[in-house]
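Comments concern the structure below.
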There are 2 protein chains.
Amino acid sequence: MSLASDRAKPRAAEKPTLYKRIRLDIETRILTGEWPPGHRIPFEHQLMARYRCSRMTVNKALSELAQADLIERRRRAGSFVRRPQHMSAVLKIADIRAEITALGRSYGYQLIDCRRRTATSADRARLGVSTAGKVIAIACRHSADDVPFAVEDRLIDLSTVPEAATADFSREPPGSWLLHHVPWTEAEHTISAVVADDRTAKALDIAIGAPCLVIDRYTWRSARTVTAVRLHYPGETHRLVARFKGG
Amino acid sequence: MSLASDRAKPRAAEKPTLYKRIRLDIETRILTGEWPPGHRIPFEHQLMARYRCSRMTVNKALSELAQADLIERRRRAGSFVRRPQHMSAVLKIADIRAEITALGRSYGYQLIDCRRRTATSADRARLGVSTAGKVIAIACRHSADDVPFAVEDRLIDLSTVPEAATADFSREPPGSWLLHHVPWTEAEHTISAVVADDRTAKALDIAIGAPCLVIDRYTWRSARTVTAVRLHYPGETHRLVARFKGG
DNA sequence: CACGATTATATGTCTAGACATATAAGTCAA
DNA sequence: TTGACTTATATGTCTAGACATATAATCGTG
């Protein structure tokens, strides 16, 4: 989650290379609707002929479009415009400590509660696991320049991350510890809005009923759940910025 | 904006190809902190030697890492791990009509207000332009199965999109019209939380003081502002889901 | 020492091939 | 008709080169 930036206008377009031109051409046709969802894009050898270039060049353009989820590539069948014409944006959600330090503010951390237990059924549901192993449940607060920044409520699956049992979360925030000790392969964020309840309001030093941005994050390492975390941010002072570059 | 999905566990890892293995190796070293921010990654020719492959293969791995903002590549200098170790997620924000239809619900649209005017200073500030051209200001509401889904407050810059002057926004929502008529090259979303004011509460049929998720979106076409839009969603029933695949 | 010109080098892009592999489509038999 | 087998084909990955280009580092000069 980055701070609310002053919106800067995008830089002027530079002279594009061939593969970028191919990519932009196709992208434009898709985004204008000239090639609707489901439309089959010309085959690579057709694009080779049209642009007088080698296959690797069109392949690079198409690969990037596929990576951006604008098209879907199927062997033997061809490449197709993907279904809903949605915009996709790269959303950066930083480690909170790194985020605050990057802002040039002093980072503060308070551990509210940390306990190790056998996973309850609620824990298992939250982590999306069926077996009842050990978990660590953590509640803590992050602050910037001694002003509450976010409250965190986290569950760590010890069967995936046994090393976490020996970590000292009174000193280091669990998010930072995990980021430096556990490689993750997949993550999911869910963003919603709520009004602060009694406990959250007190921890964030805001009024009960004030808006809060809530981020739920689930992290996996090769099909095993690593951690589930819920963060409450004061909604009027904090914002998520996501920017997409289409050039 | 996609609906809250039932979190599915990621699929098991498949046998990776060489460039994917290189990418994963480097990614793991970065995410575990073995290669901290600022660390210089081995040069392409060193990786060629280590993995016994051609330069194009390591180049493909490094290019994808650069595209994912995990590393920064500088000519003559090398490739470096980027500074804050943040996670990046692909956030999909669909056209609202497409989103609702994709859910299998019936889409409803009500134009609340639509007026064409010379840009006021507030309009210019919002669009980030300095010259005072014509704009269209639109207020409208989207509903799913006749339940209010989101309210929209939009400004379109007619000097960038003159065709919009002839569009009929009483029939078609402006977001869909723009998506099909104007190619965009860059966009920015800002997500925040507020509590519903009188007008928003009435339009969304929720209580005053209920939480709302707010999305501000700015769209550009090659350095020219296309549109600025603010969407209010009922915060407790709607959520944004962003998922990142790191494999 | 400061500053401009030169050079070395790592990345950026591209080529013209190659073989691998998934799969749509066609073929044939039960 | 249906299922199993075969085949054609588009993409996936890779090679061993090439030239272009930005720039860090070096060298010279005032």
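Throughout, protein chains are lettered first and strands after them, A, B, ... in sequence-line order, and every chain is numbered starting at 1.
Here B:Arg124 pairs with nothing under the salt bridge (Lys or Arg N to Asp or Glu O under 4.0 Å) rule; sequence neighbours left out. Applying the side-chain hydrogen bond (donor to acceptor under 3.5 Å, both in side chains) rule to B:Ser63 yields the partners B:Asn59; only residues at least two apart in sequence or on another chain are considered. Listed by chain and number, the residues in a ring pair (Phe, Tyr, Trp, His ring centres under 6.0 Å) with A:Tyr19 amount to none (sequence neighbours excluded). Applying the salt bridge (Lys or Arg N to Asp or Glu O under 4.0 Å) test to B:Glu163 and every residue at least two apart in sequence or in another chain returns nothing. Under the salt bridge (Lys or Arg N to Asp or Glu O under 4.0 Å) criterion, B:Glu44 pairs with B:Arg55, B:Arg73, sequence neighbours left out. Scanning for side-chain hydrogen bond (donor to acceptor under 3.5 Å, both in side chains) contacts around A:Glu72 gives an empty result, with sequence neighbours left out. Taking the salt bridge (Lys or Arg N to Asp or Glu O under 4.0 Å) definition, one finds that A:Arg76 meets it with nothing, sequence neighbours left out. For A:Tyr109, there are no side-chain hydrogen bond (donor to acceptor under 3.5 Å, both in side chains) partners two or more places apart in sequence or in a different chain.
Atom CD1 of B:Ile22 is separated from atom P of D:dC14 by 7 Å (rounded to the nearest Å). Rounding to whole angstrom units, CG of residue B:Leu18 and P of C:dC19 are separated by 19 Å. Note: CD (A:Glu64) to P (C:dC14) measures 11 Å, nearest angstrom.
Within residues 72-80 of chain B, the residues having any heavy atom under 4.0 Å from DNA chain C are, by residue number, B:Arg73, B:Arg74, B:Arg75, B:Arg76, B:Gly78, B:Ser79. Within residues 41-52 of chain A, the residues that have a heavy atom under 4.0 Å from DNA chain C are, in order of number, A:Arg52. At a non-hydrogen distance threshold of 4.0 Å, A:Arg55, A:Met56, A:Asn59 from residues 55-63 of chain A come into contact with DNA chain D.
OP1 and OP2 of D:dG12 both lie 4.0 Å or more from every side-chain N or O belonging to B:Lys20. A close approach under 4.0 Å does occur between a side-chain nitrogen or oxygen of B:Thr17 and OP1 or OP2 of D:dT13.
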What pairs of donor and acceptor atoms, side-chain ones from residues 46-54 of chain B against any protein atom, are under 3.5 angstrom apart with sequence neighbours left out?
from	atom 1	to	atom 2	distance (Å)
B:Gln46	OE1	B:Phe43	N	2.7
B:Tyr51	OH	B:Asp25	OD2	2.7

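Side-chain contact, B:Asp145 with B:Ser106: a donor N or O sits under 3.5 Å from an acceptor N or O.
No side-chain donor-acceptor contact under 3.5 Å links B:Thr160 to the backbone of B:Arg224.
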